[in-house]
Amino acid sequence: MLNSRTISDLAQAFAASPNGFLIVDQGQPSFAVLPYETYKILKKGKTAQKKIKKILVTGGAGYIGSHTVKLLIDQDYEVVVFDNLSTSRREAVGGVKLVVGDLSDRDVLDKLFQEEKFDAVMHFAASIKVEESVANPGKYYRENVVSGLNLLESMMAHGVKSFVFSSSAAVYGEPEKNPINEVASCQPTNPYGETKLCFENILKWYGKGYGLNSISLRYFNAAGAMPDAELGYGRSLEHTHLIPRVLDAALGKTAEIEVFGNDYATPDGTCIRDYIHVLDLAEAHLLALKKLSEPGAHIYNVGTGRGSSVLEIIDQAMEITGRMIPMKISGRRAGDPARLVADSKKIQKELGWQPAYDLQDMIESSWEWQKLSGPGVV
Ligand code: UFG
């Protein structure tokens with residue numbers, strides 16, 4: 001008789017690579033016939049699960065990092081967070097060990113790798129504002145490339161060779177067609193995307209030269225929160241992303257939401273993005289750990305495949321909040337592509353990932369999270 005853990009592993013492997021079957025005896029699965037592809041997926045998963053136990057999470061106090069840390073802890077991984085707290089919240093890591101430091105400090109990193117024996121690193125720490133990167137590219141090359149290299153060098157010196165990287169849909173620039181898959185050409189339209197692409201390439205060569213196994217996850221637009229676990233984006237910081245800004249306007253914290261351009265080649269003239277729940281992104285990281293047993297640098301899009309325009313987001317936010325959201329149309333923002341929608345078939349097929357949440361969940365959970373800080377509080 002198969003136990004429930006085996007059945008759930010099988011179900012996941014069948015979803016990623018079907019064509020096998022289960023023999024059911026008196027309503028209970030008792031015997032599985034697996035195609036070789038499915039068997040390989042299961043076998044890999046098992047090996048990786050045994051191997052990776054202790055993980056260093058850079059930027060683990062930040063928005064996507066903290067949700068991933070929560071899921072890792074729930075799955076009994078041992079986690080240490082490394083964060084400079086420049087844009088993140090100490091409380092977001094809960095009781096998890098936090099080392100406050102900066103990735104530019106090689107001595108601190110070496111000491112940490114010496115003291116703790118990590119099996120893998122998840123690298124979230126980065127500067128992420130598209131507009132700021134256009135105005136100040138030096139900061140982005142320093143923080144996203146030079147500091148990242150410091151981390152890799154320290155890892156190599158201490159024999160840590162498994163790496164999950166927070167990449168971005170910004171690597172594609174203005175794509176020739178949507179939905180975008182991973183083989184589409186990458187021509188970033190801003191330094192932020194350029195630094196993420198540059199780092200993906202570094203990972204490719206570190207794979208060939210030093211045997212680093214890596215997974216780069218190209219996030220589309222992260223949104224949503226986990227209010228029950230007191231997790232969300234930085235409440236006290238000034239928001240730059242669309243959904244929290246729209247909700248700030250709903251709360252009356254700001255007078256209106258500015259719509260950056262309504263003259264794009266899209267049905268309503270405003271930019272289209274693929275919004276993805278932060279917990280679905282976090283889940284992709286957990287699945288990525290299993291793939292780390294395979295050599296080389298692997299790249300996956302993580303999005304829902306559904307695009308929403310700025311005006312559609314505002315509309316749905318009014319419906320969910322039951323409030324009027326004043327808006328003002330202003331000029332385009334530098335570096336914004338018109339449309340970015342993910343083709344995520346690769347991660348679905350190879351890692352068995354599926355988004356579990358939709359746009360309504362993202363706006364509702366963000367609304368719950370932002371309401372917690374009360375009207376008038378910035
Ligand atoms: N927007 C507005 N008004 C605002 C804020 C945003 O109209 O006040 C518009 C933007 O112009 C854009 C869309 O809403 O068209 C989404 O903007 P966000 O700032 O929320 O997100 P971006 O698409 O610029 O970038 C985000 C992340 C990047 C990531 C990218 C991938 O910040 O890290 O998604 O799609 F690379």
Side-chain angles (χ1 to χ4, degrees), residues 2-17 34 36-60 65 67-82 96-97 99 109-110 112-124 148 151-167 200 202-217 281-300 302 346-347 349-353:
L2 303 170
N3 65 30
S4 63
R5 180 62 203 250
T6 311
I7 293 167
S8 111
D9 284 353
L10 276 171
Q12 211 176 359
F14 275 131
S17 172
L34 308 177
Y36 183 58
E37 276 307 307
T38 312
Y39 166 74
K40 271 201 314 196
I41 289 173
L42 277 171
K43 192 160 168 274
K44 257 181 240 146
K46 290 261 178 294
T47 330
Q49 266 167 7
K50 263 189 231 133
K51 243 175 59 188
I52 293 179
K53 290 206 186 86
K54 186 165 180 177
I55 303 171
L56 174 66
V57 182
T58 76
H67 287 80
T68 308
V69 167
K70 167 88 176 81
L71 264 53
L72 286 169
I73 296 293
D74 287 351
Q75 300 238 341
D76 296 328
Y77 286 96
E78 205 181 324
V79 175
V80 175
V81 169
F82 186 87
V96 175
K97 178 170 178 183
V99 177
L109 286 172
D110 282 342
L112 181 60
F113 278 104
Q114 200 121 36
E115 282 170 6
E116 314 263 3
K117 298 288 169 235
F118 295 113
D119 302 308
V121 173
M122 287 188 178
H123 179 40
F124 293 90
L151 172 65
L152 288 181
E153 293 287 271
S154 190
M155 283 175 63
M156 296 306 101
H158 295 87
V160 182
K161 301 219 166 159
S162 295
F163 193 76
V164 184
F165 174 55
S166 300
S167 188
E200 281 189 6
I202 290 173
L203 293 177
K204 178 179 73 186
W205 294 113
Y206 267 60
K208 291 187 198 295
Y210 307 127
L212 175 70
N213 294 357
S214 69
I215 309 276
S216 293
L217 297 175
L281 282 180
E283 183 61 31
H285 289 78
L286 270 82
L287 294 170
L289 288 176
K290 300 181 181 179
K291 183 85 178 171
L292 283 176
S293 55
E294 278 185 31
H298 304 273
I299 294 173
Y300 296 100
V302 201
K346 188 179 172 200
I347 190 168
K349 184 164 183 289
E350 293 187 14
L351 303 189
W353 176 85

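As a basis for the values below, the full set of heavy atoms in this structure was taken, side chains included, without hydrogen atoms, waters or symmetry mates. Just so it is clear, the structure is predicted and the values come from calculations on it, not from any experiment. One-based numbering along the sequence shown.
Note: Ile202 CD1 to Phe165 CZ = 8.5 Å, rounded to the nearest 0.5 Å. Interatomic distance, Tyr77 OH to Leu286 CG, rounded to the nearest 0.5 Å: 5.5 Å. Note that NZ of Lys97 is 4.0 Å distant from CD of Glu116, once rounded to the nearest 0.5 Å. Note: Leu351 CG to Ile215 CD1 = 6.5 Å, rounded to the nearest 0.5 Å.
Here the closest heavy-atom approach between residue Ser154 and residue His158 is recorded as O-ND1, 2.8 Å. The two residues Lys54 and Lys117 have their closest heavy-atom pair at CD-O, 3.5 Å. In this structure, Ala282 and Leu71 approach most closely via the heavy-atom pair CB-CD2, 3.7 Å. Between Lys53 and Asp119, the shortest heavy-atom distance links the atoms N-OD2, 2.8 Å. For the residue pair Ala120 and Leu292, the shortest heavy atom distance occurs at CB-CD1, 4.5 Å. When all heavy atoms of Val302 and Ala284 are compared, the closest pair comes out as CG1-CB, 4.0 Å.
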Ser162 vs Asn213, test: side-chain hydrogen bond (donor to acceptor under 3.5 Å, both in side chains). Steps then yes/no. CA-CA 5 Å; Ser162 295; Asn213 294 357; 5.1 Å; no
What's the verdict on side-chain contact (heavy atoms from CB on, under 4.5 Å) for Leu56 and Met155, showing C-alpha distance, side-chain angles and the deciding distance? CA-CA 11 Å; Leu56 174 66; Met155 283 175 63; over 6 Å; no
side-chain contact (heavy atoms from CB on, under 4.5 Å) evaluation trace for Leu287 with Ile347: CA-CA 9 Å; Leu287 294 170; Ile347 190 168; over 6 Å; no
If you apply the rule side-chain hydrogen bond (donor to acceptor under 3.5 Å, both in side chains), what do you find for Glu153 with Tyr210, and how did you get there? CA-CA 10 Å; Glu153 293 287 271; Tyr210 307 127; 5.2 Å; no
Derivation and outcome, side-chain hydrogen bond (donor to acceptor under 3.5 Å, both in side chains), residues Glu200 and Ser216: CA-CA 7 Å; Glu200 281 189 6; Ser216 293; 4.6 Å; no
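Ring geometry for Tyr300 versus His298: interplanar angle under 30°, hence parallel rather than tilted (30 to 60°).
Counting heavy atoms from C-beta outward, Leu281 and His67 have side chains that stay 4.5 Å or more apart. The side-chain heavy atoms of Leu151 and Phe113, taken from C-beta on, include a pair separated by under 4.5 Å. In this structure, the side chains of Leu203 and Leu152 come closer than 4.5 Å at one or more pairs of heavy atoms. Contact annotation: the side chain of Thr68 never approaches that of Val57 to less than 4.5 Å [non-hydrogen atoms, C-beta and beyond]. Within the 4.5 Å cutoff, the side chain of Leu72 has no heavy atoms near those of the Val96 side chain. Counting heavy atoms from C-beta outward, Val79 and Met122 have side chains that stay 4.5 Å or more apart.
Without hydrogens or angle criteria, Ser166 side chain to His123 main chain gives a donor-acceptor distance under 3.5 Å.
Partners of Lys204 by salt bridge (Lys or Arg N to Asp or Glu O under 4.0 Å), not counting sequence neighbours: none found. Evaluation of the ring pair (Phe, Tyr, Trp, His ring centres under 6.0 Å) rule for Phe124 yields His285 as partners, not counting sequence neighbours. With sequence neighbours excluded, no residue satisfies side-chain hydrogen bond (donor to acceptor under 3.5 Å, both in side chains) with Lys346.
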